[in-house]
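All values derive from a computational prediction rather than experimental measurement. Per chain, numbering begins at 1; letters A, B, ... match sequence-line order. Basis for what follows: all heavy atoms, side chains included, without hydrogens, waters or symmetry-related copies.
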Number of protein chains: 2
Amino acid sequence: MARPQTDIEAGREQLLDAVEDLIRQRGAVDISLVELAGVVGMSASNIYRFFESKEDLYSAVAERWFAEKIAIMEEVVGLDLSPRDKMFEFFARRFVSMMASFEAEPELFISYMELGREHLDVVRGHIDLGDHYLAILVVEAMEMGYFPGLNIDRVVSLINQMVVPYCNPDVSLMLMPKLNVEKLGQIIDAVFAGLGQFAKQRESVILNILE
Amino acid sequence: MARPQTDIEAGREQLLDAVEDLIRQRGAVDISLVELAGVVGMSASNIYRFFESKEDLYSAVAERWFAEKIAIMEEVVGLDLSPRDKMFEFFARRFVSMMASFEAEPELFISYMELGREHLDVVRGHIDLGDHYLAILVVEAMEMGYFPGLNIDRVVSLINQMVVPYCNPDVSLMLMPKLNVEKLGQIIDAVFAGLGQFAKQRESVILNILE
């Protein structure tokens, strides 16, 4: 995370640390600004210098939660790798980071998941950002001839569905013992060797028979 | 469902209807045999003629829930179709049946899901049976040259992961607006054109370069 630039930013970071401690202690309960002010020994009026509203606070909590994932996606998009390897890194790095975060503090992780479900409006934009980066990788791959006969939106949707166990935290926790990065790699292989290829394969079988 | 053969079987079916009504009314709450006897106006001692224990009752509830899915899998395994089309029917028919069952009575469906989570020991065998039938289809496909370089267990696991949104009811409900049978067909296409094919594809690219 970047070093806070101003006193306000430093104050926000400290308050976000306090919020995380509250979530750690109490789970995914609702936290008001007045309550948070009390916890950190700040006046109720003073806290509004740092967060305009509870929505503003929750947005900042979500932003902090997603910061690492977004950094990973931005980095991967810029890598000089084959489309297949880039796609693999795109999902594998976030999966590994998510599992590490779960294993470090399982209860905290689960509380964040609950908060996310209760505040879908706040996390929606961050989740959509994942689709945005994925679409960039899909376009790069399509320019090299992958996914013939399919349009971008469909490919993004199909890939999202095929790797759900590795990118949807609820599903990852549900299936955790069965998941590993090698299997993810084999699924990404199938995405690249297979998506949109079956019709072509059938055609070539038919052409072989006709010849 | 087969016609009940004996009075005991007919009685069990009636009691299972009563259990379903209880779940419909009260949700996924615990139901004891004595309570069930009271609901149907049967003596507590009489109900033990039909179910030996609460576990026996819950097993029967699970068996009834899974009966249609198992019938679909048994039928599909016997169909004279290409491995790809058979695999598609294997998942598509159960997905369509599951969605119909959800849409007919969403609350009842969700209560059954909750009961399943609370009694994993009872449903485990039925879920494993799905893997058993899937393995049969995978072996048939491997005999025709599909999934090169992968072993049966790995292929079963990879396919299960790639179609999670279409066969895990919790995930299906979570992603429902994004799911449809056409997309499932395109994922199954990718499974057949792609699983185990990427290494081969890379080799042939290298051979082309060397030639």
query = Most heavy-atom pairs under 4.5 angstrom with chain B, which of Leu158(A), Val191(A), Leu195(A)?
reply = Leu158(A)
ask   = In terms of the angle between their ring planes, are Phe66(B) and His126(B) parallel, tilted or perpendicular, with boundaries placed at 30° and 60°?
value = parallel
message = Would the distance check show the side chain of Arg84(B) and the main-chain N or O of Gly185(B) forming a donor-acceptor pair, the cut-off being under 3.5 Å?
response = yes
key: Any donor-acceptor N/O pair, Lys86(A) side chain to Leu137(A) backbone, under 3.5 Å   = no
note = For Ser111(A) and Ile23(A) the tightest heavy-atom approach is CB-CG2, 3.5 Å
request  = Please list all pairs passing the salt bridge (Lys or Arg N to Asp or Glu O under 4.0 Å) test where one or both residues lie in residues 21-35 of chain B, with sequence neighbours left out.
outcome  = Glu20(B)-Arg24(B), Asp21(B)-Arg24(B), Arg24(B)-Glu105(B), Arg26(B)-Glu35(B), Asp30(B)-Lys54(B)
ask   = Short question: side chain of Ser97(A), backbone of Arg93(A) - any donor-acceptor pair under 3.5 Å?
value = no
Heavy-atom contacts under 4.5 Å, residues 159-179 of chain B to chain A = Gln161(B), Met162(B), Val164(B), Pro165(B), Tyr166(B), Asn168(B), Asp170(B), Val171(B), Met174(B), Leu175(B), Lys178(B), Leu179(B)
